[in-house]
2 protein chains.
Amino acid sequence: MATIADVARRAGVAPSTVSYVLTNRRSISPATREAVEKAIRDLDYRPHAGARSLRGARTRVLALSEPRDAGRYQSIGWRFVHHLSSAARAHDYDLLLLTGEDNVVDNLRRVAGSRLADGAMVMSLHTDDPRVPALRELRFPAALIGKPRNAMGLPWCDFDFAGAAALAVRELARAGHRQIAFVGSSDGEFQLGLNYAPRAVAGARVEAKAAGVHLHVIRSSRSHRTMVRRTRALLASDPAPTAVIIHYDVPALPSILRGEGYSIPEDLSVVVIAATPDLSSELPLARSELPVEEMTRNAVELALAAIEGDPSDEHRLIPARLTKGQSIAPPRRRS
Amino acid sequence: MATIADVARRAGVAPSTVSYVLTNRRSISPATREAVEKAIRDLDYRPHAGARSLRGARTRVLALSEPRDAGRYQSIGWRFVHHLSSAARAHDYDLLLLTGEDNVVDNLRRVAGSRLADGAMVMSLHTDDPRVPALRELRFPAALIGKPRNAMGLPWCDFDFAGAAALAVRELARAGHRQIAFVGSSDGEFQLGLNYAPRAVAGARVEAKAAGVHLHVIRSSRSHRTMVRRTRALLASDPAPTAVIIHYDVPALPSILRGEGYSIPEDLSVVVIAATPDLSSELPLARSELPVEEMTRNAVELALAAIEGDPSDEHRLIPARLTKGQSIAPPRRRS
DNA sequence: CTGTTAGCGCCTTCAT
DNA sequence: ATGAAGGCGCTAACAG
């Protein structure tokens, strides 16, 4: 593999000049720059990442932390990762994955200590996540994807789950619904303490109270059988809900509703919040999409800002936007 | 951050001695070892990754390559990544994610050239994947997860999709079925050229011919509407299939079948191949699970072997094992 | 505008 | 069983 010395020799300049061409840290005559760039191309030269980081420069690597158990419940994880990687590459950064270790915190310590990365992004935040104080103590630059109970001065960005839920309630209330069901995240997500799960419920509750509507709250389940049971109980309650808000993807739920003999939106209005692009549905559901691209772009920006030294506790709560599909109708008159 | 010199000073030994304690490359008296280890603990010393890699040692990082577009079709990806990360950590390796760039091959060149990783693992292989010749040319140690048409001497491991399909056909034939439907991967996966999609179909075809049964082959679709349409056409064909093999997860399919008035297994037997752990189904389906843990463990082993210098073109095709659920019954007599 | 040089932290050969 | 010293490839301070 070619080194900076090889390039310098071939271009007939000093190694430092090559370095300066690369880093743009002082002015270079067009002629020299041209010669150096040609030599770089000819030799397919790439700076040695280890040497760079040793010299005190950046590793240009961002660590991505996610607890091992989160993967089970969050199939969206992969979408986030793809977008995070793109966003990081846009700043010439790579992503180092920190999911495989039992102990999330040790893993961060290790990476920070051995300077494998310049900073971290933290996914699947629990309400009281041990990684938050650890990052603080390590003084390792980081951005949180998700809102912990206490960010302890770390920057974070998140989707406004509470706002999305409130918006859905408001929209349904405006259409005339007075009995609204809220199907929250799955049992597993609640049990892990994933912060967005209760936040969405809380948002819905507040707005329901303000709008004077009754909210029937249940959780979803990954077990189809359980889901059917809970749905039946929900629909059988008296007074029965005339609209359903679904937090996140419970792809089977519309099918279950139909299976129980309800048609959408005639018998039941439906709104999905924090939704993923939906290919499976027959009819365009009213929804607020989870803005994955925007979230990841912001997360990377915040992490890089933290690396640059701004110890900002900036946070970005991305507002929900409701796309009205064809799944909201006025409530059917009780017969 | 502490350096090796700090540790040496604190332990009252030479830096090289500390290094030897760390790398175990020569015998150390118990006393010195103890002293050094204490100093390491006291200072929470961690070797500088960049310095190590500069010195010619390993980076202890494995790159993980997946094309950007694959994420859309393979929700399983995240499971693989989690397991790969665990497997890598078991060998004290970290994972660097290569998904964010438009050009997968450039990305590999870059990482190999700048020595950000010691080797790579390659996911979502297309039948003729450009990464294979590129890795060959770069002489970058790598293991493929998936079987390309031509591995060009690179080691690979994969699930025996053809065998799994054949096994399913055989089992259904043995139960008396003569008209078997095969619901293959989705249009998207076929279009991307993901290698497992056609392999499973081919395996089913070969076994069907050998067993003298007729095979109705369709592809699945992520669109629920399309899926319903195709399923109806399939069930309406004459002679109608009495059993269905589902390649990979089409979670909605059992529901669709039931929705069309078929009960499982009375009206229709069902076998799932390359299945993911199923939480959503009412009844335990006959299935061969995709052995994710085993695949990822093997992939890491092969990659590390390649890094160690064995230029083996070893490959590991992991055989399918069928779990008989309660979804296979003899075909219903035509009425 | 460009060249020379020191040193980042580690491993390893050579010497003891 | 342990030390001393050189150099991996790069950047930045210092010279010109």
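Protein chains get the first letters and strands the later ones, always in sequence-line order, with residue 1 at the start of each.
- Of the candidate nucleotides dG3(D), dT5(C), dC11(C), dC11(C) has the atom lying nearest to any side-chain atom of Arg52(B).
- Residue contacts for Ile28(A): at a heavy-atom cut-off of 4.0 Å it reaches the sugar-phosphate backbone alone, with no base atom in range.
- Residue Arg55(B) has its side chain nearest to dG7(D) when only dG7(D), dA12(D), dT2(D) are considered.
- Side-chain to base pairing of Thr23(A) with dT11(D): no donor and acceptor N or O lie closer than 3.5 Å to each other.
- Not a single donor-acceptor pair, N or O on each side, falls under 3.5 Å between the base of dA1(D) and the side chain of Tyr20(B).
- The listed nucleotides are dT2(D), dG9(C), dA12(D); the one nearest the side chain of His48(B) is dG9(C).
- Here the P atom of nucleotide dG6(D) and the CD1 atom of Ile4(B) are 18 Å apart, to the nearest Å.
- When distances run from any side-chain atom of Ala14(B) to the nucleotides dA4(D), dC8(D), dT4(C), the shortest one goes to dA4(D).
- Among the heavy atoms of the strands lying under 4.0 Å from Ser19(B) is at least one base atom, whether or not backbone atoms are also near.
- Side-chain atoms of Arg115(A) and Ser53(A) form no donor-acceptor pair, as typed in the model, at a separation below 3.5 Å.
- The side chain of Ser29(B) sits closest to dA1(D) out of dT11(D), dA1(D), dC11(C).
- Environment of CE in Met1(B): sparse, with no more than 12 heavy atoms of neighbouring residues, nucleotides or ligands closer than 6.0 Å.
- When side chains are defined from C-beta on, Leu84(B) counts as touching Met123(B), because their heavy atoms get closer than 4.5 Å.
- In this structure, Thr32(B) reaches the sugar-phosphate backbone alone: every heavy-atom distance under 4.0 Å involves primed, P, OP1 or OP2 atoms, never a base.
- In this structure, of dC10(C), dC10(D), dG3(D), it is dC10(C) that holds the atom nearest to the side chain of Pro47(B).
- In this structure, Val18(A) reaches neither bases nor backbone, as no heavy-atom distance under 4.0 Å exists between it and the strands shown.
- If you check distances only, the side chain of Arg25(B) never reaches the base of dT12(C) with a donor-acceptor pair under 3.5 Å.
- Side chains of Thr276(A) and Arg79(A): no donor on one and acceptor on the other come within 3.5 Å.
- Checking dG9(D), dT2(D), dA5(D) against the side-chain heavy atoms of Ser16(B) singles out dA5(D) as nearest.
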